[in-house]
Visitor: 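Okay, handing you the structure first.
Nothing here was measured: the structure is a model prediction, and the numbers come from that model.
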Amino acid sequence: MELDRDSCVLLNDSYKMPVIGFGTYAPEKFPKNLAKEGTKVAIEVGYRHIDCAYIYDREVEVGRAIQEKITDGTVKREEIFYTGKLPSTFHPPERVRLALEKSLKDLQLDYMDLFLIHSPLGFKPGDNLFPVDENGKLIYANTDLRDTWKAMEKCKDAGLVRSIGVSNFNRQQLELILNMPGLKYKPVCNQVECHIYLNQSKLLEFCKSKDIVLVGYSVLGSSRGEEW
């Protein structure tokens, strides 16, 4: 199925992104196989943009769904637009590609269409995606976002991802990247919470002025865990 021009937005690196995406986040209490079955149904009814993330712990299931829909002829790989995200424990430059390659292996994909820095807040690097101290408080790390971005650019140059962007960034954090010396690729998008109770009008205006697409999540609500 050829993507209709009106159903896509043109990114600042000339790639096209389907406007409506199928999100695959779910609290841990929901069985992982629902991510696979839900993604298969989404593709069958016409979704071509699939959004997931390393920390969702659903990429194996989502990847299987994509592969099954390719195998049965429903879609071709080039018709799927996959968005993935860099976890906060992988902000150090030497860890960025490791996270991306792990996701690609789990997904059974050769490349991602879009790879985002999931959050501007970095956590202590390690196997635990949400490291906490003895008091249960998150342990933060202070990797310079500009160094993380340089590593993202290298992943794009290596052909592992087509487009790179950010998520949950405010204007000041975006400007840090946009104004960095030697910037090669600016973010194509900034994915943030956006709905009628948080319309992000000021951030949207800024992103538009920089040719950065503002992507909204939880636009119709969310199935967040109770702790949220």
Side-chain angles (χ1 to χ4, degrees), residues 8-17 19 21 49 51-56 81-104 109 111-126 129-131 138-194 198-217:
C8 293
V9 60
L10 185 65
L11 304 174
N12 63 39
D13 61 0
S14 299
Y15 285 108
K16 291 192 295 184
M17 177 177 69
V19 171
H49 184 170
D51 179 286
C52 195
Y54 190 116
I55 67 168
Y56 297 172
F81 188 100
Y82 181 85
T83 295
K85 307 180 188 78
L86 178 75
S88 291
T89 52
F90 283 84
H91 281 195
E94 67 276 10
R95 288 175 61 82
V96 172
R97 182 163 175 163
L98 293 175
L100 176 56
E101 289 179 335
K102 170 68 163 55
S103 287
L104 289 173
L109 296 177
Y111 67 92
M112 268 188 208
D113 297 276
L114 176 60
F115 191 44
L116 310 177
I117 298 178
H118 204 153
S119 169
L121 299 176
F123 298 154
K124 177 185 176 182
L129 293 175
F130 297 96
L138 284 166
I139 303 174
Y140 294 96
N142 194 26
T143 303
D144 192 319
L145 286 171
R146 293 168 293 190
D147 293 332
T148 305
W149 188 253
K150 288 176 184 176
M152 297 280 285
E153 292 179 326
K154 289 180 180 178
C155 289
K156 177 176 170 69
D157 285 337
L160 298 175
V161 60
R162 289 186 169 179
S163 301
I164 51 177
V166 298
S167 180
N168 299 304
F169 275 49
N170 61 30
R171 174 174 177 162
Q172 289 73 29
Q173 291 154 346
L174 280 169
E175 287 179 329
L176 186 67
I177 290 177
L178 292 172
N179 297 328
M180 63 183 270
L183 178 68
K184 191 169 185 180
Y185 308 112
K186 65 181 182 179
V188 299
C189 72
N190 182 21
Q191 186 183 121
V192 296
E193 180 181 357
C194 186
L198 182 64
N199 67 28
Q200 301 283 14
S201 57
K202 291 183 179 179
L203 185 59
L204 173 61
E205 182 180 352
F206 174 74
C207 287
K208 280 185 174 181
S209 74
K210 301 299 181 181
D211 196 20
I212 296 172
V213 174
L214 190 142
V215 178
Y217 66 75

Visitor: List the steps and the verdict of side-chain contact (heavy atoms from CB on, under 4.5 Å) for L174 and F206.
Guide: CA-CA 10 Å; L174 280 169; F206 174 74; 3.9 Å; yes
Visitor: For the atom pair CZ (F169) and SG (C189), what is the distance rounded to the nearest 0.5 Å?
Guide: 11.0 Å
Visitor: So, for L114 and G165, which heavy atoms are closest and what is the spacing to 0.1 Å?
Guide: CD1-N, 4.1 Å
Visitor: Counting only heavy atoms from other residues, nucleotides and ligands, does the tally under 6.0 Å from CG of N179 exceed 12?
Guide: yes
Visitor: Can you find a pair of side-chain heavy atoms, one from M152 and one from V96, that are under 4.5 Å apart?
Guide: yes
Visitor: Do you know the tightest heavy-atom contact between P125 and P92?
Guide: CG-CG, 3.7 Å
Visitor: Quick test of your reading: applying salt bridge (Lys or Arg N to Asp or Glu O under 4.0 Å), list the pairs with at least one residue in residues 138-148, sequence neighbours left out, ordered by first then second residue.
Guide: D144-R146
Visitor: Applying side-chain hydrogen bond (donor to acceptor under 3.5 Å, both in side chains), name anything that partners S201, two or more places apart in sequence or on another chain.
Guide: N199
Visitor: For the pair H118 and N168, evaluate side-chain contact (heavy atoms from CB on, under 4.5 Å) and give the outcome as yes or no after the intermediate values.
Guide: CA-CA 7 Å; H118 204 153; N168 299 304; 4.1 Å; yes
Visitor: Check whether any side-chain heavy atom of L109 lies under 4.5 Å from a side-chain heavy atom of Y82, and answer yes or no.
Guide: yes
Visitor: To the closest 0.5 Å, what do you measure between OG1 (T143) and NE2 (H91)?
Guide: 7.5 Å
Visitor: Would you say the side-chain atoms of R162 pair up with the backbone N or O of Y111, donor to acceptor, closer than 3.5 Å?
Guide: no
Visitor: Kindly determine whether I177 and K186 satisfy side-chain contact (heavy atoms from CB on, under 4.5 Å), including the steps that lead there.
Guide: CA-CA 7 Å; I177 290 177; K186 65 181 182 179; 6.0 Å; no
Visitor: Is a side-chain N or O of W149 found less than 3.5 angstrom from the main chain of L178, in a donor-acceptor match?
Guide: no
Visitor: Should the heavy atoms of other residues, nucleotides or ligands under 6.0 Å from CD of E193 be counted, would the total exceed 12?
Guide: yes
Visitor: Mind checking whether V166 and P120 have side chains closer than 4.5 Å, heavy atoms only?
Guide: no
Visitor: So do M17 and H49 actually touch side chain to side chain, heavy atoms under 4.5 Å?
Guide: yes
Visitor: Shortest non-hydrogen contact from V9 to V19?
Guide: N-CG2, 4.0 Å
Visitor: D51: what forms a side-chain hydrogen bond (donor to acceptor under 3.5 Å, both in side chains) with it, not counting sequence neighbours?
Guide: K85, Q191
Visitor: Work out which heavy atom in F123 is nearest to a heavy atom in L129; give both atom names and the distance.
Guide: CD1-O, 3.5 Å
Visitor: Judged by atom type as modelled, is there a donor-acceptor pair below 3.5 Å linking the side chain of E153 to the main-chain atoms of L183?
Guide: no
Visitor: Write down the atom of P187, the atom of I212, and the distance for their closest heavy-atom approach.
Guide: O-CG1, 3.4 Å
Visitor: With rounding to the nearest 0.5 Å, note down the distance linking CG in L116 to OG in S167.
Guide: 6.0 Å
Visitor: Drop me the distance from Y217's OH to T83's OG1, to the nearest 0.5 angstrom.
Guide: 14.0 Å
Visitor: So which heavy atom on R95 is nearest to which on G126, and how close?
Guide: NH2-O, 3.4 Å
Visitor: Taking NZ in K156 as the centre, count heavy atoms belonging to other residues, nucleotides or ligands within less than 6.0 Å. Is the count above 12?
Guide: yes
Visitor: Describe, in one word, how the ring planes of F90 and Y54 are oriented to each other, choosing from parallel (under 30°), tilted (30 to 60°) and perpendicular (over 60°).
Guide: tilted
Visitor: Is the backbone of L121 close enough, under 3.5 Å, to the side chain of S88 for a donor and an acceptor to pair up by distance?
Guide: yes
Visitor: Take C155 and I164 through the side-chain contact (heavy atoms from CB on, under 4.5 Å) test and state the conclusion after the steps.
Guide: CA-CA 9 Å; C155 289; I164 51 177; 5.7 Å; no
Visitor: Donor-acceptor check, side chain of K184 to backbone of D157, threshold 3.5 angstrom: yes or no?
Guide: no
Visitor: As an exercise, state the distance from CG of D211 to CG of N12, rounded to the nearest 0.5 Å.
Guide: 5.0 Å
Visitor: So, taking the atom named CG in N170 and the one named CD in E175, what distance separates them when rounded to the nearest 0.5 Å?
Guide: 9.0 Å
